[in-house]
Participant: 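My questions will all concern the structure given below.
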Number of protein chains: 2
Amino acid sequence: MINPQWLRSFMVLAERGSFTRTADQLGLTQAAVSQHIHHLEAQLGPLLIRRPRQVELTPAGQALLGYCDDMEQAEKRLNLRLSGADDRQGEISLITPGSIGLSLYPLLLDLQASYPGLSVRHRFAPDQDVLEGVRNNHFELGLVTLKPDDPRLVACHFADEPLDLVVPATATVNSWEDLESLGFIDHPDGHAMASRLLSRVFPGNRGIRSIACKGFVNQVGLILEPVARGFGFTVIPRYAREAYAPGEAIRVVEMGPRVVDALWLIYRAEWPLSARARFVASELASRLTGETLALV
Amino acid sequence: MINPQWLRSFMVLAERGSFTRTADQLGLTQAAVSQHIHHLEAQLGPLLIRRPRQVELTPAGQALLGYCDDMEQAEKRLNLRLSGADDRQGEISLITPGSIGLSLYPLLLDLQASYPGLSVRHRFAPDQDVLEGVRNNHFELGLVTLKPDDPRLVACHFADEPLDLVVPATATVNSWEDLESLGFIDHPDGHAMASRLLSRVFPGNRGIRSIACKGFVNQVGLILEPVARGFGFTVIPRYAREAYAPGEAIRVVEMGPRVVDALWLIYRAEWPLSARARFVASELASRLTGETLALV
DNA sequence: TGTATTGATAAGGTTTTCTTATGATAAATC
DNA sequence: GATTTATCATAAGAAAACCTTATCAATACA
């Protein structure tokens, strides 16, 4: 590794051809510039031929000038990466639960179409894996349904995710017994969501565990298929339900008080969120909910 | 441009994850390493998260590590260019008169076949252009027929270039009058060479200007064609004549004393000749004359 | 609770880099 | 030919940067 000030002197000298003019330009004395070149030549061999009124580069001098150019390019790349100045360029790494992830997927594709400089790495995972992924610096952004209490993570309210009770289009549902007759279509977060919603709609019910499980699937996009075929009911977030093809043989039961899950956007607290991640997170929130995301 | 010692500390720290172990490896104190990182972070923002017993890089830290990598690659390229360590790789730039150039051309092609890492830039030019080309650093090696008296150039004896009097195969040449009957086929160095040779073979002759000029061509490879067809005689270097296809309708007149032009290899005196140029020059001399080239 | 490990920081010693002054050389001008 | 101007190299000393030593604070472990 070569002293950067020496290289700076050499570059200006190569351009201007005179020690005196180089010193002027750099705000140093001619003697300092002479010493810099002396150090470089001690290390690398003869770099230039001194002529009255003008220096000439040797091949070694030309090689060193090439190196200086390489260095400048590398520094530009570093500065670009550090500043993240262009918030519409670079990688976005996002890890989300399947429900909201399914809703965001087309929005992310739209963003990529609008800003071709963006590339998106998006993984669907349960809450626990989301936390790990962000904490371990594998993903810059994550969405979780429970606000984490971890000093290493920032959590911003991203959106509210209402839960829907979804039944076959032809079903009649007015009581807990109607649900028992239908049966339950489960998914990874199925029990937790059903418990939360149904304990509000049917207070004092016997619990979701007393209803026969008629199916299980861990792909959010596939949960409503058995419901549409009349095999049973399920409880899923509205965004996931809305992402399903319209005109299917399902309907939502609007009964009792609404239950809403808050979604939290998380990222590492110890360093600044990149400009592009800020931009994309804001766009997603805005396009999903129509509201402005309040990042800290 | 960032202080190289700071970068070195950062690189080792990123690898070993501890200030104390980094200091050990670099032969510095832990306090020095701490200060280096402090300087870098002052300039570039948080680069790492301090954990008990292990540090973790931020994205900015990772960007800086990428820069360090770029720096190391650039330095390797520079060292390779400076050392010219591999004398069988890189560009050879050579400028020669046509006569010897024609002889060297197949030898250069052979060398390239043997050492694919070599690339050859070879130009045919008269003496004066050879001197300019080397002096102006456009070509590293040059061949000239007159030893230059210029402190900027080194001149090594490369080869001796005997001159041949070439006549049509069917011609009878015993006197000056026989040459006058034939006529002279001229080329750019034709008059000078003919004067030198013929003043030795036919002392007191009337001079080459008294002989009718029957042709002129400035491509060395084409001079002997009109001679073969009986249009006249010429005087050219033996190497150029030997480069002509054998079995042609020409012959060499062996009369009187031999005349030999010395060929000088020239290159710039102010910096060392590259290893590959040394190698190639030696190979050419050896393959052309069977002798060892004495480079200074 | 006591001990060991680790990184940050203050103060001072050491090294490097800079400036000032001078000398040598070449070219231009009188 | 003598003098002046322009330019780079070098020596010496001043200023700045970098390093070490010593100490403190925080955390982990026995």
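Model, not experiment: these values are computed from the prediction. Naming: A, B, ... by sequence-line order, numbering from 1 per chain.
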Participant: Could you work out how much the helix from C/dT1-D/dA30 to C/dC30-D/dG1 bends, comparing the axis of its first five pairs with that of its last five, to 10°?
Facilitator: 20°
Participant: With a cut-off of less than 4.0 Å, is there a side-chain N or O of B/R50 near OP1 or OP2 of D/dT27?
Facilitator: no
Participant: Could you check how far CG of A/D24 sits from C1' of D/dC8, rounded to whole Å?
Facilitator: 14 Å
Participant: Rounded to the Å, how far apart are A/R21 CZ and D/dT5 P?
Facilitator: 19 Å
Participant: Run the ring-centre check on B/F139 versus B/Y267 and record whether the distance is less than 6.0 Å.
Facilitator: no
Participant: Do any side-chain nitrogens or oxygens of B/N3 fall under 4.0 Å of OP1 or OP2 in D/dA17?
Facilitator: no
Participant: How many Å lie between CD1 on B/I2 and P on D/dC18, as a whole number?
Facilitator: 13 Å
Participant: Considering only D/dC19, C/dT20, D/dA22, which nucleotide approaches the side chain of A/A31 most closely?
Facilitator: C/dT20
Participant: Looking at A/S34, I'd like to know whether one of its side-chain N or O atoms comes within less than 4.0 Å of OP1 or OP2 on D/dT10.
Facilitator: no
Participant: Expressed in angstrom and rounded to an integer, what is the separation of B/R51 atom CZ from C/dA8 atom P?
Facilitator: 14 Å
Participant: Students often mix this up, so state it plainly: with edges at 30° and 60°, are the rings of B/H39 and B/W6 parallel, tilted or perpendicular?
Facilitator: parallel
Participant: Taking only side-chain nitrogens and oxygens of A/T20, does any of them come within less than 4.0 Å of OP1 or OP2 of D/dA6?
Facilitator: no
Participant: Do B/Q35 and D/dT20 have a side chain to base donor-acceptor pair shorter than 3.5 Å?
Facilitator: yes
Participant: Rounded off to whole Å, could you give me the CG-to-C1' distance for the B/L47 and C/dG7 pair?
Facilitator: 16 Å
Participant: Which label fits B/W264 and B/H157: parallel for a plane angle under 30°, tilted from 30 to 60°, or perpendicular past 60°?
Facilitator: perpendicular
Participant: Just how far, in rounded Å, is P of C/dT19 from CG of A/L26?
Facilitator: 10 Å
Participant: What do the steps show when you test A/V55 against A/S18 for side chain to side chain contact (heavy atoms under 4.5 Å, CB included), and what is the final call?
Facilitator: CA-CA 6 Å; A/V55 301; A/S18 142; over 6 Å; no
Participant: Between C/dT17, C/dT20, C/dT6, which one does the side chain of A/H39 approach most closely?
Facilitator: C/dT17
Participant: Would you kindly give the CD-to-C1' distance between A/Q5 and C/dC18, to the nearest whole Å?
Facilitator: 10 Å
Participant: Could A/R196 and A/D261 be called an ion pair, given the rule that one side-chain N must be under 4.0 Å from one carboxylate O?
Facilitator: yes
Participant: Going by the salt bridge (charged side-chain N to carboxylate O under 4.0 Å, His left out) test, which pairs reach into residues 27-37 of chain A, not counting sequence neighbours?
Facilitator: none
Participant: Output the single nucleotide from D/dA9, D/dT20, C/dT19 whose closest atom is nearest the side chain of A/A32.
Facilitator: C/dT19
Participant: Please identify each residue that fulfils side chain to side chain contact (heavy atoms under 4.5 Å, CB included) with A/D149, with sequence neighbours left out.
Facilitator: none
Participant: What is the separation between atom CZ on B/F19 and atom P on C/dT9, rounded to the nearest whole Å?
Facilitator: 10 Å
Participant: Quick check on salt bridge (Lys or Arg N to Asp or Glu O under 4.0 Å): which of A/R81, A/K76, A/R77 does B/D70 satisfy it with?
Facilitator: A/R77
Participant: Choosing from C/dT6, D/dC8, D/dT10, which nucleotide comes nearest the side chain of A/H38?
Facilitator: D/dT10
Participant: For D/dC19, does OP1 or OP2 lie under 4.0 Å from any side-chain N or O of B/H36?
Facilitator: yes
